[in-house]
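Notes follow once the structure below has been shown.
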Amino acid sequence: MGAYQKWLTPEQLKVASFEELTQQASAVRQFLIESLAETGGHLAPNLGVVELTIALHRVYTSPKDKLIWDVGHQAYVHKLLTERGNHFHTLRQCDGLDGFPKRSESLHDVWESGHSSTSLSAASGFAIARDLFKQSHAIVPIIGDGALTSGLAYEALQTIGDKQLNITIVLNDNGMSIAPNVGALHKMLQSIRTKPFIHNMNDAEGTAPFFESLGLKYIGPIDGHDIQSLSYFLEKSKQVEGPVILHVLTVKGKGYLPAEEDQRGIWHGVAPYDIATGNLKTIAKMQNWSEFISDTLIDFAQQDEAIVAITPAMSVGSQLEKFQRRFPNRFFDVGIAEQHAMTMAAAMGMNGLKPFVSIYSTFLQRAYDQLIHDVCRQSTNVFIGIDRSGLVGADGETHQGIYDVSFLMAVPDLVVMMPKNAAEAQVLMRTGFAYEGPIAMRYPRGYIDHPPLKETIATVPIGSWEVTLPGATVAIIAYGPMVKTAIEVAALLKVKGILIEVVNARFIKPMDFTYLNDLANRKIPVFIIEEAITAGGLGESVLSYLHDKTAAPIQIMGLPNHFIPHGKPDEQLHLFGIDTVTIAKKIHDFIENME
């Protein structure tokens with residue numbers, strides 16, 4: 001573990017020599033490399049902002065001045081400089097430091113940002129409130145790691161430029177999102193990146209017409225690893241009336257060669273690693289879900305030229321690089337633009353293509369309007385692959401994939417599926433591409449149990465459930481990984497004389513009404529377990545349908561309707577009572593009390 005030391009405080013940074021600040025930067029960088037080798041975390045983004053963060057805290061007075069980090073995974077150095085280094089070994093662990101800015105964690109964290117591109121809108125709101133209350137503090141959003149490719153950022157720039165808000169926007173430009181940035185806007189910035197660093201304000205005029213046309217004064221490009229130069233331009237920007245954009249060039253992963261040379265985003269967010277070799281300490285022996293879905297997609301795309309893949313800047317996380325290499329003309333990375341991805345897919349589906357939109361559950365929230373308005377209302381042929389569904393662990397509140405079932409249940413004409421295992425995932429993908437209309441398939445984070453052996457992949461009827469384990473006393477309805485949990489529960493309870501019927505609700509929407517009617521006629525207790533919030537989930541839908549059809553008890557077990565912080569998924573399953581042992585005990589006690 002990196003040895004924490006009492007670094008210079010923000011107050012001491014203001015009077016320290018630049019030589020001392022450079023030494024501090026080296027110490028902080030080494031601490032990050034050593035500490036994250038043990039805990040894992042967002043290494044490369046933070047190695048790239050060490051000098052920038054020191055300069056920001058030298059020039060501005062946090063928390064009076066508002067440092068707004070976007071994306072929040074570049075705020076580790078900020079946490080270290082604001083007296084959280086002695087807790088850094090708890091990073092992203094249960095009850096430990098959050099991996100993103102957290103208002104309840106420190107007064108210096110003024111804005112929480114797990115999703116990208118919110119900083120400029122937030123800065124607008126901070127500035128308007130400041131000005132109406134006739135206050136004078138500075139507002140400094142730090143936007144980077146591809147966040148400027150999102151439409152939300154440009155919506156905010158309209159307001160900032162129009163109202164001439166006094167905001168200093170620090171554009172931390174390392175040419176990367178998780179992987180290298182894409183798109184025309186990235187190419188525009190790239191053309192500026194090739195220009196020499198400026199060293200004084202006389203060189204700062206007229207070099208970025210795009211930003212200047214929006215009413216922002218552009219200053220740059222600036223060496224993001226020169227604390228003295230950064231401090232100079234940050235000080236100068238405070239003297240400018242109206243909005244300023246400070247274009248800072250940094251090297252993602254700076255100071256650790258494997259991270260510096262990484263062009264795939266492997267070192268963006270990393271598991272524990274060996275510092276000397278750069279090898280991960282835990283090498284997975286199984287295929288993860290994202291890779292399996294991507295490989296299956298390639299298999300189907302080889303058979304059907306209409307299939308295309310779309311990702312909003314998650315080609316690495318969703319393991320779509322192999323698809324991109326195999327079908328470069330049928331792969332579309334639209335950058336951090338989830339709304340655009342969904343509407344573009346809708347139009348593709350109208351014109352004979354079969355788009356597969358690979359998107360994390362937590363980012364699907366950002367495309368909800370387009371899903372309803374453009375995809376489902378027009379009944380277009382769009383297949384949505386919802387990656388990272390369920391609890392995701394260390395990324396915590398902003399990334400938990402536990403809300404999509406509830407918000408998708410309300411969308412008309414949308415089919416929602418989740419396989420119990422990899423073999424069934426192939427079947428549901430075949431079914432999805434054969435289906436006429438909008439359809440979505442959830443799949444979890446983590447690794448598949450066994451690679452499927454099926455050579456012929458059939459389809460299954462939409463809305464059909466599978467009785468995985470027949471029984472007679474009690475029914476458990478589950479979907480996804482919870483089916484395996486239900487089978488384990490059944491095994492535990494069988495020893496105690498309670499026979500469980502396990503039902504795989506692979507179609508969360510629409511439900512299998514034929515099975516539910518049969519269940520109602522048999523009048524046996526029903527338990528619905530789901531790794532999602534219970535509010536608006538499958539359980540409530542089952543309860544609503546059966547409430548006037550059976551007098552038998554119906555119990556729902558799932559996650560509470562609140563934001564769930566970071567921690568290991570197994571810890572959280574146990575905490576909320578949906579692990580195997582706890583579920584078995586609840587059902588056993590319930591049945592005993594009935595008798």
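In this chain, residues are counted from 1 in sequence order. Owing to the predicted nature of the structure, the values given are computational and were not obtained by experimental measurement.
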If we ignore angles and hydrogens, is there a donor and acceptor under 3.5 Å between the side chains of [X] and [Y]?
X      : Y      : result
Thr9   : Glu11  : yes
His89  : Thr39  : no
Ser290 : Arg388 : yes
Asp109 : His78  : yes
Gln30  : Glu34  : yes

Of the non-hydrogen atoms in [X] and [Y], which two are nearest, and what is the gap between them?
X      : Y      : result
Gly393 : Pro569 : CA-CD, 3.7 Å
Ser121 : Leu152 : OG-CD1, 3.6 Å
Thr250 : Gly224 : CG2-CA, 3.9 Å
Thr118 : Ser113 : OG1-CB, 4.1 Å
Ser361 : Gly401 : OG-CA, 3.2 Å
Ala55  : Leu230 : CB-CB, 3.7 Å

Can you check side chain to side chain donor-acceptor pair (under 3.5 Å) on Asn172 and Gln74, steps first, answer last?
CA-CA 10 Å; Asn172 170 30; Gln74 61 173 330; 3.0 Å; yes
How long is the span from the [atom1] atom in [X] to the [atom2] atom in [Y], to the nearest 0.5 Å?
X      : Y      : atom1 : atom2 : result
Ser106 : Arg84  : OG    : CZ    : 4.0 Å
Asp579 : Glu571 : CG    : CD    : 12.0 Å
Leu391 : Ile564 : CG    : CD1   : 5.5 Å
Ser318 : Ile293 : OG    : CD1   : 10.5 Å
Tyr60  : Glu235 : OH    : CD    : 7.5 Å
Phe31  : Ser26  : CZ    : OG    : 15.0 Å

One pair to check against side chain to side chain contact (heavy atoms under 4.5 Å, CB included): Leu67 and His108. What are the steps and the verdict?
CA-CA 8 Å; Leu67 302 180; His108 295 276; over 6 Å; no
Assess Arg58 against Phe18: is NZ or CZ under 6.0 Å from the centre of the six-membered ring, and within 45 degrees of the ring's axis?
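Judged by the rule (NZ or CZ under 6.0 Å from the ring centre, within 45° of its axis), Arg58 counts as positioned above Phe18.
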Flag side-chain contact, heavy atom, 4.5 Å: Asn200 against Tyr232
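A side-chain contact exists here, since the closest heavy-atom pair is under 4.5 Å.
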is_close_aromatic([X], [Y]), centroid dist under 6.0 Å:
X      : Y      : answer
Trp267 : Tyr256 : yes
Phe126 : His137 : no
Tyr218 : His247 : yes

Salt bridge or not between [X] and [Y]? Use side-chain N to carboxylate O under 4.0 Å.
X      : Y      : value
Lys281 : Asp274 : no
Lys238 : Asp65  : no
Lys102 : Glu397 : yes
Arg103 : Asp98  : no
Asp404 : Arg442 : yes

Kindly determine whether Leu56 and Leu234 satisfy side chain to side chain contact (heavy atoms under 4.5 Å, CB included), including the steps that lead there.
CA-CA 8 Å; Leu56 285 165; Leu234 287 169; 4.0 Å; yes
One pair to check against salt bridge (charged side-chain N to carboxylate O under 4.0 Å, His left out): Glu105 and Lys79. What are the steps and the verdict?
CA-CA 10 Å; Glu105 190 178 285; Lys79 288 181 182 252; 2.6 Å; yes
Near [X] [atom1], under 6.0 Å, is it more than 12 heavy atoms from other residues, nucleotides or ligands?
X      : atom1 : answer
Gln239 : CD    : yes
Glu241 : CD    : no
Asp95  : CG    : no
Lys14  : NZ    : yes
Phe210 : CZ    : yes

Evaluate side chain to side chain contact (heavy atoms under 4.5 Å, CB included) for Ile33 paired with Tyr273, printing each intermediate quantity in order.
CA-CA 10 Å; Ile33 293 169; Tyr273 55 92; 4.0 Å; yes
Residue pair Asp395, Arg445: steps toward the salt bridge (charged side-chain N to carboxylate O under 4.0 Å, His left out) verdict:
CA-CA 12 Å; Asp395 282 337; Arg445 189 174 191 171; 3.7 Å; yes
Per the side chain to side chain contact (heavy atoms under 4.5 Å, CB included) rule, which among Val28, Asp226, Ile227 passes with Glu51?
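When side chain to side chain contact (heavy atoms under 4.5 Å, CB included) is applied between Glu51 and each of Val28, Asp226, Ile227, only Ile227 qualifies.
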Evaluate the criterion side chain to side chain contact (heavy atoms under 4.5 Å, CB included) for residue pair His566 and Thr398; output intermediate values, then yes/no.
CA-CA 9 Å; His566 52 279; Thr398 57; over 6 Å; no
Applying ring-ring contact (aromatic ring centres under 6.0 Å, His included), run through His115 and Phe363 and close with a yes or a no.
CA-CA 8 Å; His115 293 178; Phe363 301 139; 5.1 Å; yes
